[in-house]
Amino acid sequence: MTSFRPAPAWLSEAVFYQIYPQSFADSDGDGIGDFNGITDHLDHLAWLGVNAVWINPCFASPFRDAGYDVSDYLSVAPRYGTNDDLAALVEEAGRRGIRVLLDLVAGHTSDRHPWFTAAAGDPDDHRYIWASEGCPDGFVRSPGSRPGAYLPNFFDSQPALNFGYARGNPAEPWRQTVDAEGPRANRAALRDIMGHWLRLGLAGFRVDMAHSLVKDDPDRSATARVWTELRGWLDATHPEAVLLSEWGDPAVSVPAGFHADFFLQFGGPTNGGPLRSLWNNGEGTDDEAWDPVDCFFDPSGKGSPRTFVEAWQAAREAVGDAGHVALPTSNHDFSRLNCGPRTAEQLPAAFAFQLTWPTLPAVYYGDEIGMRYIPGLPDTEGSVLGPRYNRAGSRTPMQWDDSVNAGFSTATADRLYLPVDPDPRRPDVAAQMADETSLLHLVRRLIALRKATPELGPGGSVEVLHSGYPFVYVRGGRHLVVINPRSEPATFATDAAGEDPRALESDGVEVGGGVVTARGFGYGVFDLRPPSTTAS
């Protein structure tokens, strides 16, 4: 494994919060969220205990893919405000102890980026991958005077930047090596882009499709070497900054140079199996190519945490001390926790697990109040990826209160980026703030417990006592965690439960006499140490 500078100390204590900026808070009444809206609600994040935020792409874009089609990496999209507004957001967040990361789209640009419009008219430009003649499978015909076709990275409007090919092929002369002029220029451009924003006070980047750089790279080793080079530059120039990857395979991405990688709905040897085995219940965003799985967090009780635990153990062994594995509640491409048969009453157990397992937690905006996935929304900025895969349902406006548009915007309903959840019983921040028994207060208490208890963080040990219903494990040799995501009660006998453990956070779980009993959807975190005594 390449030797890197150790990860900044702040990362191991991070609780991430993902903000989809167009849906978080609209400060100017145009129906689209913006930087000033985020700034206005930083106190919510600070109260919750969040200390790191990553924001989905906010650069200039034609928004054919919700901002993942960048037309200028050094300017923010006017819909969100100005570069100065972003700087003010970063400054105000810093005053509250919150670091801000941006989303870096490294593998492609918009077809409206000046780089691409220039390349479409210049056969000697190697910024992108071009076949000079014809239109090979997977390529898109040139839109300019340049003959041939270009390779897209995702949608046709997202031409792939040229980072080279891991393997040559005489039948495909457009394949350049990783060290050719075009790939070298693109690596330099990434350094310039990252350096620009880091100098303005950003704390790092979450890198979109980080695995996609070098083409025909079956084991991703050539792509890994690109990131190793970039990590070396980052360590030398911005040692407190971090790189998080959208790769979905921490065993590969972290040794390559990322400080952390997410378990995702895709990626890795089982194409996202670990995360889907926890959350994916076949509703909301569901890809027909995914292997069907009975997820663990489901009222039916047919799933198992073993798939996740075994994948985490393998990743942790491969990563070692080089970085971290991150576990999201959901994200802008995947169903929210509250989706289909999984309803609000089941979410406390999910958060009790996510905030006590030895991963870096990432809370997707609105999950802390139990916002639901909204089915049946129209295709919005490329949200629909398949017959049963509409990402818009996870991107609806944040629900702040019971006022018009749930407090998200003063715009008329027809101008909103996406419609607000129409359910009159929808949860909102204001109502849950006023109710100490709410999910919001529970999430806050669990984050505070995690921060106050190093054994519950990513560095503490974990011993799984029972990988079924209930899921039972011990953190740091002293904290017993019990999770029962199914609707039926569950019991487990173990001497490790002790006689009278102290409940730190619990609902529906009893421990005593060597037996753990959990009602449906019950959870508990217990201190196994005997109560301290003082001399009288």
Side-chain angles (χ1 to χ4, degrees), residues 17-48 50 53 55-56 58 63 66-67 76-82 85-86 88-89 92-93 284 329-332 335-339 343-344 347 363-381 383 390-441 443-444:
Y17 189 93
Q18 180 190 348
I19 292 178
Y20 191 70
Q22 46 268 66
S23 293
F24 193 64
D26 170 22
S27 71
D28 59 10
D30 67 353
I32 298 177
D34 47 50
F35 294 134
N36 290 337
I38 297 173
T39 302
D40 290 343
H41 290 283
L42 286 172
D43 286 343
H44 167 69
L45 303 184
W47 176 87
L48 188 61
V50 167
V53 166
I55 303 174
N56 283 89
C58 54
F63 291 99
V76 301
R79 69 200 267 178
Y80 301 131
T82 66
D85 292 332
L86 176 58
L89 164 59
E92 288 299 319
T329 55
S330 58
N331 61 52
H332 61 290
S335 301
R336 289 187 176 276
L337 289 179
N338 187 350
C339 179
T343 54
L347 304 192
V363 178
Y364 186 52
Y365 84 96
D367 279 355
E368 74 271 26
I369 58 171
M371 281 178 58
R372 70 184 181 107
Y373 174 90
I374 310 299
L377 295 179
D379 189 2
T380 304
E381 296 185 349
S383 64
N390 185 349
R391 301 177 291 176
S394 294
R395 300 175 175 183
T396 55
M398 180 67 173
Q399 296 155 200
W400 293 106
D401 55 42
D402 63 358
S403 65
V404 175
N405 298 326
F408 162 71
S409 174
T410 59
T412 56
D414 62 306
R415 296 182 62 205
L416 297 183
Y417 175 74
L418 282 169
V420 174
D421 183 354
D423 190 337
R425 301 166 299 174
R426 66 188 178 222
D428 64 65
V429 171
Q432 293 201 10
M433 283 282 286
D435 178 8
E436 293 193 358
T437 68
S438 67
L439 178 64
L440 178 62
H441 275 274
V443 173
R444 184 192 190 217

Q. Any idea which heavy atoms bring Phe408 and Gly33 closest together, and the distance?
A. CZ-N, 3.7 Å
Q | Check against side-chain contact (heavy atoms from CB on, under 4.5 Å), Leu89 and Leu42 | A | CA-CA 9 Å; Leu89 164 59; Leu42 286 172; 4.0 Å; yes
Q: State the CZ-OH distance between Phe63 and Tyr417, to the nearest 0.5 angstrom.
A: 8.0 Å
Q. Counting only N and O atoms by type, is there a donor-acceptor contact under 3.5 Å from the side chain of Asn338 to the main-chain atoms of Gly370?
A. yes
(Q) One pair to check against side-chain contact (heavy atoms from CB on, under 4.5 Å): Val50 and Glu368. What are the steps and the verdict? (A) CA-CA 11 Å; Val50 167; Glu368 74 271 26; over 6 Å; no
(Q) Please report the interatomic distance CD1(Ile55) to CD(Gln22), rounded to the nearest 0.5 Å. (A) 11.0 Å
Q | For the student: nearest non-hydrogen atoms of Asp379 and Ser383, plus distance | A | OD1-N, 2.9 Å
(Q) Show, in sequence, the C-alpha distance, side-chain angles and deciding distance for His41 and Tyr365, and conclude whether the side-chain contact (heavy atoms from CB on, under 4.5 Å) test is met. (A) CA-CA 12 Å; His41 290 283; Tyr365 84 96; over 6 Å; no
**Q.** Shortest non-hydrogen contact from Pro397 toward Pro419
**A.** CD-O, 3.3 Å
Q | Residues Asp435, Leu440; criterion side-chain contact (heavy atoms from CB on, under 4.5 Å); working and verdict | A | CA-CA 9 Å; Asp435 178 8; Leu440 178 62; over 6 Å; no
**Q.** Rounded distance [0.5 Å steps], CE in Met433 versus OG in Ser438
**A.** 9.0 Å
Q. How far apart are the closest heavy atoms of Asn56 and Pro21, and which atoms are they?
A. CB-CD, 3.6 Å
Q. Regarding Asn36 and Thr39, is there a side-chain donor-to-acceptor distance under 3.5 Å anywhere?
A. no
Q.
Main chain of Ser23, side chain of Arg395: is a donor-acceptor contact present, judged purely on distance under 3.5 Å?
A. no
Q. Between CG of Leu337 and OH of Tyr364, what distance do you get to the nearest 0.5 Å?
A. 11.5 Å
Q. How are the rings of Trp400 and Phe24 set relative to one another: parallel (under 30°), tilted (30 to 60°) or perpendicular (over 60°)?
A. perpendicular
Q: Only counting residues at least two apart or in another chain, list the ones meeting salt bridge (charged side-chain N to carboxylate O under 4.0 Å, His left out) with Asp367.
A: Arg336
Q: Report yes or no: does Asn405 contribute a side-chain atom to a donor-acceptor pair with the main-chain N or O of Ala411 at less than 3.5 Å?
A: yes
(Q) Using 0.5 Å steps for rounding, measure from the CZ atom of Arg415 to the OG atom of Ser409. (A) 7.5 Å
Q | Test item: Asp34 side-chain N/O and Ser27 main-chain N/O as donor-acceptor pair under 3.5 Å | A | yes
(Q) Please check: side-chain N/O of Asn390 versus main-chain N/O of Leu377, any donor-acceptor pairing under 3.5 Å? (A) yes
Q.
So which atom in Cys58 and which in Phe35 form the shortest heavy-atom distance, rounded to 0.1 Å?
A. CB-CZ, 3.7 Å
Q. Step by step, would you call Arg372 with Asp421 a salt bridge (charged side-chain N to carboxylate O under 4.0 Å, His left out)?
A. CA-CA 8 Å; Arg372 70 184 181 107; Asp421 183 354; 2.9 Å; yes
(Q) Which heavy atom of Ala392 sits nearest to which heavy atom of Pro378, and what is that distance? (A) CB-O, 4.2 Å
Q) Does the Gln399 side chain pair with the main chain of Ala406, one donor and one acceptor, at a distance under 3.5 Å? A) no
Q. Hey, are the side chains of Ser330 and Tyr373 touching, using non-hydrogen atoms and a 4.5 Å cut-off?
A. no
Q) In Å, rounded to the nearest 0.5 Å, how long is the span from OG1 of Thr396 to CD1 of Ile374? A) 5.0 Å
